[in-house]
Amino acid sequence: MMKHTHKILFLVLFLSASLTYAAKPKTYYVRIKSTYGESLIRLYNETPKHRDNFVKLVKSGFYNGTLYHRVIKDFMIQGGDPDSKKAKPGEMLGNGSLPYTIPAEFNLELYHKKGALAAARDENPQKASSSTQFYLVQGKAYTDDELNRIEEMRLQGKKIPASHRQVYKSLGGTPHLDQSYTVFGEIVKGIEQVDLVASLKTDAVSRPFEDVRIKMTLLKKKEIKKLEKELLTTSFKNKLIMSSK
């Protein structure tokens with residue numbers, strides 16, 4: 001009788017653990033490729049609506065052939081306008097999308113550091129995101145005084161967390177956009193593409209004179225496993241270097 005009870009208890013625990021494991025969200029990685037290289041991006045599970053929408057569009061091939069249509073050095077590079085696929089040179093872009101928006105998903109831990117992936121939007125009061133348009137942050141490094149002014153003037157007195165402030169001072173970013181535009185991923189490899197595209201010459205409305213077309217794909221399981229192992233090794237080495245200083 002006791003053995004039978006133990007078997008039932010073990011089965012319950014096993015099923016419970018299995019369900020818990022199955023409920024954990026999968027981590028998605030996206031490859032964005034252009035003539036200026038490729039960037040590998042981890043999508044945040046903390047922003048599920050944006051994550052799932054982006055994954056759906058990437059899977060469908062929606063972004064393939066679109067342009068980086070708006071580029072501002074030391075700020076960001078923007079893409080995702082479906083109208084850009086067949087746009088003529090000099091044509092105004094930035095108004096294309098699919099006929100829906102995504103509710104804002106602000107998270108205090110997700111911020112506009114260099115390499116962040118965020119959703120573009122219009123001036124709607126709900127700050128809902130465009131269904132398709134996104135931007136990759138280049139930004140710049142800030143001093144404490146500059147960050148203090150941003151808190152006062154642009155963030156309406158909201159304080160930038162100390163950990164974020166340190167990143168904005170070293171790596172850089174666009175802190176004045178925090179909690180106003182949804183950040184839903186970050187580049188984990190290949191930030192060079194952003195720097196190269198951001199340096200291109202543009203017209204009066206920030207469209208590059210050179211068309212830079214992009215292609216997006218989701219990383220497969222084997223690719224994810226290899227990438228995460230590489231990122232873990234790099235992180236460990238960086239910690240060793242920092243601790244030895």
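Remember, it's a predicted structure, so these values are computed and weren't measured experimentally. Count residues from 1 along the sequence.
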Closest heavy-atom contact between [X] and [Y]?
X    : Y    : answer
V183 : A116 : CG1-CB, 4.1 Å
A141 : S170 : CB-O, 4.2 Å
A119 : H50  : CB-CD2, 3.8 Å
Y44  : T47  : O-OG1, 3.2 Å
S97  : S130 : CB-OG, 4.0 Å

Donor-acceptor pair, side chain of [X] and main chain of [Y], under 3.5 angstrom:
X    : Y    : result
N64  : M216 : yes
Q126 : A104 : no
S84  : A87  : no
R51  : E46  : no

If you measure from [atom1] on [X] to [atom2] on [Y], what distance do you get to the nearest 0.5 Å?
X    : Y    : atom1 : atom2 : result
H112 : S180 : NE2   : OG    : 8.0 Å
M92  : R70  : CE    : CZ    : 11.0 Å
K220 : R31  : NZ    : CZ    : 9.5 Å
R42  : I187 : CZ    : CD1   : 12.5 Å
L110 : D178 : CG    : CG    : 9.5 Å
Q78  : L136 : CD    : CG    : 10.0 Å

Between [X] and [Y], is any pair of side-chain heavy atoms under 4.5 Å apart?
X    : Y    : value
N148 : R165 : yes
L98  : L57  : yes
R121 : K127 : yes
T182 : F106 : yes
H164 : E109 : yes
T27  : N45  : yes
L43  : L117 : yes
T101 : N124 : no

Which pairs of donor and acceptor atoms, one on a side chain in residues 192-205, lie under 3.5 Å apart (sequence neighbours left out)?
residue	atom	partner	partner atom	Å
Q193	OE1	S34	OG	2.8
Q193	OE1	Y68	OH	3.1
Q193	NE2	I32	O	3.1
Q193	NE2	S39	OG	2.9
D195	OD1	K114	NZ	3.1
D195	OD1	Q138	NE2	3.0
D195	OD2	K114	NZ	3.3
S199	OG	D195	O	2.9
D203	OD1	V205	N	2.9
D203	OD1	S206	N	3.1
D203	OD1	R207	N	2.9

* So which residues get pulled into L177's cluster when ILVMFWY side chains under 4.5 Å apart are joined, directly or through others? ->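 For the cluster that includes L177, the remaining residues are I72, F75, M76, Y135, V137, Y181.
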* **Co-members of I150 in a cluster of I, L, V, M, F, W and Y side chains, linked at under 4.5 Å** =>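 In the cluster with I150 are Y111, Y142, L147, L155, I160, V167, Y168, L171.
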Is the [atom1] atom of [X] crowded by more than 12 outside heavy atoms at less than 6.0 Å?
X    : atom1 : result
N95  : CG    : no
K59  : NZ    : no
E152 : CD    : no

* Same cluster for F134 and L40 if Ile/Leu/Val/Met/Phe/Trp/Tyr side chains link at under 4.5 Å? ->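 Unlinked, F134 and L40 end up in two clusters.
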* **Shared hydrophobic cluster for L219 and V58 (ILVMFWY, side-chain gaps under 4.5 Å)** =>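 Each belongs to a different hydrophobic cluster.
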* Asked: So, is the end of the K56 side chain (NZ or CZ) under 6.0 Å from the ring centre of F62 and within 45° of the ring's axis?
  ->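 Not flagged: K56 not positioned over aromatic ring of F62.
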* Is the closest side-chain donor-acceptor distance between N53 and Y100 under 3.5 Å? ->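 Yes, side-chain donor-acceptor contact under 3.5 Å.
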* Would F54 and Y28 satisfy side chain to side chain contact (heavy atoms under 4.5 Å, CB included), going step by step from the backbone distance to the final call? -> CA-CA 10 Å; F54 204 67; Y28 289 97; over 6 Å; no
* Please lay out, stage by stage, how H176 and M153 fare under the test side chain to side chain contact (heavy atoms under 4.5 Å, CB included). => CA-CA 9 Å; H176 60 282; M153 306 297 294; over 6 Å; no
